[in-house]
Every structure is written in C-alpha cells, then in structure tokens.
Number of protein chains: 2
Amino acid sequence: MSSNFSITEENYIKAIYHLQQATGSVTTNELSASLLTKPASVTDMLKKLKVKKLLHYEPYKVFYLTAEGKKIALNIIRRHRLWEFFLVEKLAFGWDEVHEVAEELEHVGSKKLVDKLDSYLDFPKFDPHGDPIPDVNGKMSIVQQVNLTELPLNKLAQVTMVGSQSTELLELLSHKDITIGTKLEVKKKFSFDKSVEVKVKNLAPVNISEQLAKVLFVKPV
Amino acid sequence: MSSNFSITEENYIKAIYHLQQATGSVTTNELSASLLTKPASVTDMLKKLKVKKLLHYEPYKVFYLTAEGKKIALNIIRRHRLWEFFLVEKLAFGWDEVHEVAEELEHVGSKKLVDKLDSYLDFPKFDPHGDPIPDVNGKMSIVQQVNLTELPLNKLAQVTMVGSQSTELLELLSHKDITIGTKLEVKKKFSFDKSVEVKVKNLAPVNISEQLAKVLFVKPV
DNA sequence: AATTTTTTTTAGATTTGTCTAAAAAATATT
DNA sequence: AATATTTTTTAGACAAATCTAAAAAAAATT
Ligand SMILES: [Mn+2]
Ligand SMILES: [Mn+2]
Ligand SMILES: [Mn+2]
Ligand SMILES: [Mn+2]
C-alpha cells in the first residue's frame, strides 16, 4: 500500500515542514522559493492540502501543517534519510551524492519496505549529514548541539551535523580528516578573520575558517 | 541524472517489450488490457512514443519498439529485477511480495544507483522468480529450460523459473520444499490427471499436479 | 461481394500541476 | 491618512494522461 499522496503533494508537505521548523509557520513566497515554483502554483496547492486537512490555511495568512500533515511529513523525511543512510553505508555513495537520489526514493511509500529497510540498516538514528531519522512512530533523537563558533576553548566535542551537503564541503572536510563523529577541541580563536584553530585527535592543529565553522555543529562530550 | 521518460511512458515501454516477446509485435487492445487503460489512451501514447523514436507505429497497424525503445525497456527491466533481488536477498521479502514494490522502485532512474546496487548484490544473473536480469549493457543470460511437463523420466533437472508469482504458488512450493535451484527427477507420469511424481533430494517422492507442473520450468543438469 | 463485427482512431471533456497577467489584500513609506 | 510597494490570490491558459462516445478502418461472416 503506497502513500495516498502524489509525489508533488509529498514534496510540498515536506518543504512546508522544513520551513516551519524555523518560525512555526510559512509564507507563500518562502514556499515558492524553496520549491522553485511560482506563488500562484503554491496557492493552488495550499487549498488542496487544506481540503485534505493537512494544512491550517486561510487566504492571506501564514500557514502551517496540521498534526496529520506533520505526521506525513515526518514519514517522508524518515524515508528520505533512511535511503541516504543506505546509499552511503551500503552502496558507498559519498554524502554529497545522495540527496537527489533520496529525493526520488523517498516517494516509494510501501510501509513494509521502509520498515524492513530500517531493520536491515539496524535502526540508524542519524543520516549521513547528521540529521536525525524519525523512527516508525515519527520520534527523532534530539542532540544537544551548538555551532562550532560557539564552542568554548579547550572543550572536547564531537562533530554531530553538517549544515551543507555540497561536494565542496565534503572535499574540504575529507582533506582536514573531519567527518561526522570526529572528536575535536578548539584551541584558539582569531578575531581578525574569525577563524579557529582546532585539534583533531593527536594530529597537528588545523585552521578552520569562519565559513567552515558556521556549517559545523558539535556536541560537547 | 534520472531517466528522460515519465513513469507512465516507462510503464508503456516495458509493457510493450513484454508483449512483443511473444510474437514480435503488439496490438492496441493487447496493450490496453495489459495496462488496464482504454484503447483510446493507448493510441495517444503510441503517437507520443513514435515521435520520440521509441516505437515503430503506423495507424491501424501492429507496432513494436525501435532498437532505442528496446534498450530503454531492458534498462527498466534491469532495475525492476535488481530491486526484486535486493528485496528478497537483503530485506527478507517473500517472492510473492516484491513485484508491486519493484514496480515503483524501477522508476528511480539514477544510473549510478542502479550500477552500485548491481555491484552490491554481486551482479546477480536471475531475479527471485528465475527471470534473467539484464546487465549494464542490456545482455541477459539465456537458460535452456523446459516446462516440467516435458522433462523425461529419471532425468535430473534443476528448477530455474516459476511462471507465476502468486502467494498461493509460493505457499504450495514452500510446503513441498521446492524453490528456484531445487534439483529433482520425474519418477512417474500419471495420464489420468497428468500429475507427476517427483523426487526431490533423498526425500520421499511428492506428487505435482498438472496445474503446478505447468508453471515450473527446469533445466536438465 | 456485401454485411456485420471487431478493432482502432478521433473528437472532445476531465484532472493534476503548472504558468502568466491582472486584481485584491496586506504592509511599508511618506 | 494617503500613497506606494510587496505579497498573495484569482482568472484563464496549457501540457500530460486519462476517459467516453462517435467515426473510421480492418477483419470476419454470410
Ligand atoms: Mn522528493
Ligand atoms: Mn540528509
Ligand atoms: Mn512501474
Ligand atoms: Mn520478477
């Protein structure tokens, strides 16, 4: 039994979910920008999602998912992240290559497939980018994490999440020998360019630019 | 890079391929029956596939895929059967449960995904029903197989393919301890009901009805 | 060879998701 | 408070894939 919603509807639901994580609600323009469609198309879909009781929506107001809408969003995100995990762990994809493929796989709705995949992967809690994977009930692990720029000096911490999935970021992190899970300490902060000197394991310290630090999230250990 | 064709187009292409395996060409009515659509809808799509140079088609004539159309069909079939293999071998699906799921997964077109999946599965040559899996170049293994009803007495043979994917067949075969690969010999043929007595391994002989024998294909070893 | 039946195509309508252009509402600026 | 700008919605059109009903062509029957 595949999902009751079209691929298009699922993509809207997921996009609304992600956007409303920031402020609790979304605007037409934000959503149209995020989906690369025109605001007029968004309005059409909002009406449709309202009829299906997935969205709280009144004309000219901000909108947000109903409890049911959120449940469906979490299920799509579950599928997306499980497939990303599969692609990296089993098929040896790089984490910069998995998003587009997962964007398609996430729409295969068979519950049996998803739950068996979850079990096969040993119920992973985080995807290759460090984002939490909702479990079969939609529950996700919350990690008490901070941006690397906010980590105090000499406090041992572990990289938990990256804020970008670009090939360029992966290249840079590979070069610096940093992945999700890497333990590090900030040894020095330079006010001139806001770069930080970081010690990874027992290796020589490496310099991390402000731009890089901003996309690295860590959990003190 | 996903496939250039819509899911609908892919389903038509694949259906045409399977139907033309029998006689080399297909009719509008055959195709509409196989896809559960109306003949008028089929005609529309035939014109579209002709424009895309995937189909040899003239109004009121039988039609068949071009070389390009066949290539695309084989690629879809490759994806379908690789996913079926994955579902049975890795996710512990029964072979009666995989078809519908593969029907969706086959439309995820990423070449990298398919080739990596193939490699991960160790380049399987046959799917769980014994159907050959096209390789990356569209080549399939041909098995010299005959229907069980045509196997001579006392000739050792191996089950290579099943002609149905129903739960009922799987149940019956499991009960008789027969799967793809099982070695057996026909010991006796009964003309009254055309059933056959078959010896599997060193077990006591089992009786196989005419209906069952007709969906079992074997290769003499 | 003419007629009937079956098959296939055409014509026109419908649904989903998209767009552009214009109107309406909300927000910001003077 | 009036005006200008931005945001959102409406109106109408279009492409893809489907349908029903009718017309045309092919095949089968008499
Ligand atoms: Mn998607
Ligand atoms: Mn991810
Ligand atoms: Mn399909
Ligand atoms: Mn199969």
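Only a predicted model underlies this, so the values are computations on that prediction, with no experimental measurement involved. Convention: sequence-line order gives letters A, B, ...; per-chain numbering from 1. Both backbone and side-chain heavy atoms feed into the values below; hydrogens, waters and symmetry mates do not.
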Practice task
Please determine which of B:T179, B:V88, B:L170 meets the side-chain contact (heavy atoms from CB on, under 4.5 Å) test together with B:P128.
Solution key: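 Of the listed options, the one satisfying the test is B:V88.
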Problem - Identified side-chain contact (heavy atoms from CB on, under 4.5 Å) counterpart of B:L173 within the set B:L216, B:I208, B:V159 - result: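 It is B:L216, the one option of B:L216, B:I208, B:V159 that forms the side-chain contact (heavy atoms from CB on, under 4.5 Å) with B:L173.
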Taking only nitrogen or oxygen atoms into account, show me every contact under 3.5 Å that the protein makes with nucleotides 12-16 of chain C, one pair per line with its distance.
none

Problem - Salt-bridge present (A:E68, A:K53; N to O < 4.0 Å) - result: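 Salt bridge absent between A:E68 and A:K53.
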Handout entry: Any residue of residues 18-31 of chain B with a heavy atom less than 4.0 Å from an atom of DNA chain C
Key =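 The answer is B:T27, B:T28, B:N29.
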Problem - Those residues of residues 32-42 of chain A lying under 4.0 Å from DNA chain C by at least one heavy atom - result: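 A:T37, A:K38, A:A40, A:S41, in order of number.
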Practice task
Mark yes when over 12 heavy atoms from residues, nucleotides or ligands other than A:E171 sit less than 6.0 Å from its CD; otherwise mark no.
Solution key: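 No, not enclosed.
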Practice task
Check whether more than 12 heavy atoms from other residues, nucleotides or ligands sit under 6.0 Å from atom NZ of B:K70, and answer yes or no.
Solution key: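 No, NZ of B:K70 has 12 or fewer neighbouring heavy atoms, counting only those of other groups under 6.0 Å.
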How long is the line joining [atom1] of [X] and [atom2] of [N], in whole Å?
X     : N      : atom1 : atom2 : value
A:L46 : D:dT10 : CG    : P     : 11 Å
B:Y60 : C:dT7  : OH    : C1'   : 9 Å
B:E9  : D:dA15 : CD    : P     : 15 Å
B:K50 : C:dT9  : NZ    : P     : 11 Å
A:E58 : D:dT8  : CD    : C1'   : 14 Å

Is the distance from OP1 or OP2 of [N] to the nearest side-chain N or O of [X] less than 4.0 Å?
X     : N      : result
B:Y12 : D:dT18 : yes
A:Y57 : D:dT8  : no
B:K47 : C:dT9  : no

Practice task
Please name all residues satisfying side-chain contact (heavy atoms from CB on, under 4.5 Å) with A:N75, sequence neighbours left out, ordered by chain then number.
Solution key: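 A:N75: side-chain contact (heavy atoms from CB on, under 4.5 Å) contacts with A:R78, A:R79.
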Look at the aromatic rings of [X] and [Y] and report parallel, tilted or perpendicular, splitting at 30° and 60°.
X     : Y     : result
B:W83 : A:F86 : tilted
A:F63 : A:Y57 : perpendicular
B:Y64 : B:H56 : tilted

Determine all donor-acceptor pairs shorter than 3.5 Å in which one atom belongs to a side chain in residues 15-26 of chain A; sequence neighbours excluded.
unit_1: A:Q20; atom_1: OE1; unit_2: A:L65; atom_2: N; d: 2.9
unit_1: A:T23; atom_1: OG1; unit_2: A:S25; atom_2: O; d: 3.0

Problem - Sugar-phosphate only, base, or nothing, as touched by B:K61 at under 4.0 Å among non-hydrogen atoms - result: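 Since no nucleic acid heavy atom lies under 4.0 Å of B:K61, the category is nothing.
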Practice task
Determine the contact category for A:F63: base if any of its heavy atoms lies under 4.0 Å from a base atom, sugar-phosphate if only primed atoms, P, OP1 or OP2 are that close, otherwise nothing.
Solution key: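 Nothing: the residue A:F63, judged by heavy atoms under 4.0 Å, touches no strand.
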Problem - Partners passing salt bridge (charged side-chain N to carboxylate O under 4.0 Å, His left out) against A:K214 (at least two apart in sequence or in another chain) - result: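 A:K214 satisfies salt bridge (charged side-chain N to carboxylate O under 4.0 Å, His left out) with A:E210 once adjacent residues are dropped.
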